[in-house]
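Quantities reported herein were computed from a predicted structural model and do not represent experimental measurements. Scope of the values below: all heavy atoms of this structure, side chains included, with no hydrogens, waters or symmetry mates.
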Amino acid sequence: MDADHKHAQACQGEPVTSAPPPATSPGLRPGGAPRQHPQLADRLDGLLFFPVTAYGPDGALDPAAFRAHVRDGIDAGAAAVFACCGTGEFPALTPGEFADCIAAAVEEAAGRVPVIAGTGYGTALAAQFAHLAHEAGADGLLALPPYLVVAGQQGLLTHYTELAAATPLPVIVYQRDNAVFTPATVAALARTPGIIGLKDGLGDLDLLQRIISAVRTEAPEEDFLYFNGLPTAELTCPAYRGLGVRLYSSAVFAFAPEIALAFHRALDTGDDDTVHRLLDGFYRPLVELRNQGRGYAVSLVKAGVRMRGPDVGEVRPPLSEPSPAHLKELAGLIERGLALVADTAGAGA
């Protein structure tokens, strides 16, 4: 089923009613007051790091390489670690591997930055992964779309409401693929205790503007967060910032933090020349390369990590590795991006 058809099914405008959690839910304070998570919301400011999951030559989890990768990202200046999410191959991990990775990320972060864990599948399994993440010490959850089904708006709302009620961790909902929301649904999510934000991986700016407007008018008391979650978010950052969405996930940070940080700094300081130079010379060609292979949003990133950091192994099936020609092109792009950063730094000096 193509994305346009999914979008049409998911956004038919069917009536949505709020589905508050039961009275015994951990999503409520004593007396029924909404649970708030100002600590996590306040800490999510800067570049968001989505590490890959490391495997050894035998395909098994490589905890040492994963720790080194996470440690490198935090030392480079990551504002948060989103472990075992899309780039971290969440669907390829067993529950035990997932728990081990989250625990390792938490230990490496050591409170310096928050660790947000992925969760997904159906409601029951998503709640189980949420429990594992909480036990491992995670600070929050990124809720990936439910497995396989294209659900209606009421079903999606119930799914995320029940997930939020099943965990004390704050939840960020990921809009993409088969989880596409109407503005009314997101307003209801924003009013749901424990749900603190929406990560948009759809790229429909008209819909996102209407979502932001609906939340602003229908849930004005909620400090709801928005994230640009497109695969190479930097390419669309100027457009998202026009809507007031400043937070974004940076896949490039995983393998070229120098480039990602230079771009982020240029955005924040209004250095349009550097923004355009990096967009034209690095990010646009990277997106064009990424679009040449299915699954490259993960496997190309993992290849970049191997080129410049610890050996994190190859992706697990059903993903596959980039072709040798594309790996060569990626290496050239990284070299070009680093040269652009160096030129910019030299000009600034």
Asker: Under the salt bridge (charged side-chain N to carboxylate O under 4.0 Å, His left out) test, which residues partner Arg290, sequence neighbours left out?
Answerer: none
Asker: Under a 4.5 Å side-chain heavy-atom rule over Ile, Leu, Val, Met, Phe, Trp and Tyr, are Leu157 and Val149 clustered together?
Answerer: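 They do not share one cluster, since no chain of ILVMFWY contacts under 4.5 Å joins Leu157 to Val149.
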Asker: What pairs meet the side chain to side chain donor-acceptor pair (under 3.5 Å) rule with one or both residues in residues 116-132, with sequence neighbours excluded?
Answerer: Thr123-His159
Asker: For Phe255 and Phe282, take the angle between the two ring planes, folded into 0 to 90°, and tell me which bin it lands in: parallel under 30, tilted 30 to 60, perpendicular over 60.
Answerer: tilted
Asker: Please enumerate all residues that pass ring-ring contact (aromatic ring centres under 6.0 Å, His included) together with Phe66, with sequence neighbours excluded.
Answerer: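 By the ring-ring contact (aromatic ring centres under 6.0 Å, His included) rule, Phe66 matches no residue at all.
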Asker: Salt bridge check, Glu321 against Arg306: does any charged N sit closer than 4.0 Å to a carboxylate O?
Answerer: yes
Asker: Backbone N or O of Leu163 within a donor-acceptor pair of the Thr167 side chain at under 3.5 Å?
Answerer: no
Asker: When you measure from the side chain of Thr236 to the backbone N and O of Ala239, does any donor-acceptor pair fall under 3.5 Å?
Answerer: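 No: the side chain of Thr236 does not pair with the backbone of Ala239.
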Asker: Which pairs pass ring pair (Phe, Tyr, Trp, His ring centres under 6.0 Å) with one or both residues in residues 300-331, sequence neighbours excluded?
Answerer: Tyr296-His326
Asker: Distance only, no hydrogens: is a donor on one side chain within 3.5 Å (strictly under) of an acceptor on the other, for Tyr147 and Asn178?
Answerer: no
Asker: Could you list all the salt bridge (charged side-chain N to carboxylate O under 4.0 Å, His left out) pairs where at least one residue sits in residues 108-123, not counting sequence neighbours?
Answerer: Arg67-Glu108, Arg71-Glu108, Asp75-Arg112
Asker: How long is the span from the SG atom in Cys84 to the CD1 atom in Ile102, to the nearest 0.5 Å?
Answerer: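 Here the rounded value is 4.0 Å.
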Asker: Could you pull out all residues at least two apart from Arg241 that satisfy salt bridge (charged side-chain N to carboxylate O under 4.0 Å, His left out)?
Answerer: Asp268
Asker: Can you check whether Gly229's main-chain N or O pairs, donor with acceptor, with Tyr174's side chain at less than 3.5 Å?
Answerer: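 Answer holds: yes.
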Asker: Any sub-3.5 Å donor-acceptor pair from Thr217's side-chain atoms to Ser213's backbone N or O?
Answerer: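 Yes.
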Asker: Quick one: are Leu141 and Phe129 in side-chain contact, heavy atoms under 4.5 Å?
Answerer: no
Asker: Taking salt bridge (charged side-chain N to carboxylate O under 4.0 Å, His left out) as the definition, give me every residue that meets it alongside Glu314, ordered by chain and number, with sequence neighbours left out.
Answerer: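 Glu314: no salt bridge (charged side-chain N to carboxylate O under 4.0 Å, His left out) contacts found.
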Asker: Can you give me every donor-acceptor pair (side chain of residues 332-339, partner residue at least two apart or in another chain, under 3.5 Å) with its distance?
Answerer:
unit_1: Arg336; atom_1: NH1; unit_2: Gly281; atom_2: O; d: 3.1

Asker: By the rule that ILVMFWY residues connect when side-chain heavy atoms come within less than 4.5 angstrom, directly or transitively, which residues belong alongside Leu319?
Answerer: Val298, Val315
Asker: Checking the side chain of Gln175 only, and the main-chain atoms of Phe181 only, is there a donor and an acceptor separated by less than 3.5 Å?
Answerer: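 Yes; judged by distance alone, with no hydrogens or angles, the pair exists.
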Asker: Do Ile172 and Leu44 come within less than 4.5 Å of each other through their side chains, counting heavy atoms only?
Answerer: yes
Asker: May I ask you to test the Thr87-Pro51 pair for a side-chain heavy-atom distance under 4.5 Å?
Answerer: no
Asker: Once ring pair (Phe, Tyr, Trp, His ring centres under 6.0 Å) is applied, what residue pairs with a partner in residues 193-219 remain, sequence neighbours excluded?
Answerer: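 Of all non-adjacent pairs touching residues 193-219, none passes ring pair (Phe, Tyr, Trp, His ring centres under 6.0 Å).
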Asker: How many angstroms lie between atom OH of Tyr283 and atom OG of Ser250, to the nearest 0.5 angstrom?
Answerer: 5.0 Å
Asker: Take atom CG of Asp45 as the centre, draw a 6.0 Å sphere, and report whether it contains more than 12 heavy atoms from other residues, nucleotides or ligands.
Answerer: no
Asker: Look only at the side chain of Gln209 and the backbone of Leu243, and say whether a donor-acceptor pair between them is shorter than 3.5 Å.
Answerer: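 Checked: no pair found.
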Asker: Just checking, is any N or O donor in the side chain of Thr158 or Thr161 under 3.5 Å from an acceptor N or O on the other one?
Answerer: no
Asker: May I have all residue pairs that pass salt bridge (charged side-chain N to carboxylate O under 4.0 Å, His left out) and include part of residues 82-100, sequence neighbours excluded?
Answerer: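 Every salt bridge (charged side-chain N to carboxylate O under 4.0 Å, His left out) pair that includes a residue of residues 82-100, provided the two are not neighbours, is Glu89-Lys302, Glu97-Arg316.
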Asker: Provide the full list of salt bridge (charged side-chain N to carboxylate O under 4.0 Å, His left out) pairs with a residue in residues 249-265, sequence neighbours left out, each pair given once.
Answerer: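 Listed once each, the pairs are Glu258-Arg308.
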Asker: Under a plain distance cut-off of 3.5 Å, with no hydrogens placed, do Asn228 and Ser249 share a side-chain donor-acceptor pair?
Answerer: no
Asker: Starting from the C-alpha separation in whole Å, work towards a yes-or-no answer on ring-ring contact (aromatic ring centres under 6.0 Å, His included) for His264 and Phe253.
Answerer: CA-CA 10 Å; His264 186 265; Phe253 185 88; 9.7 Å; no
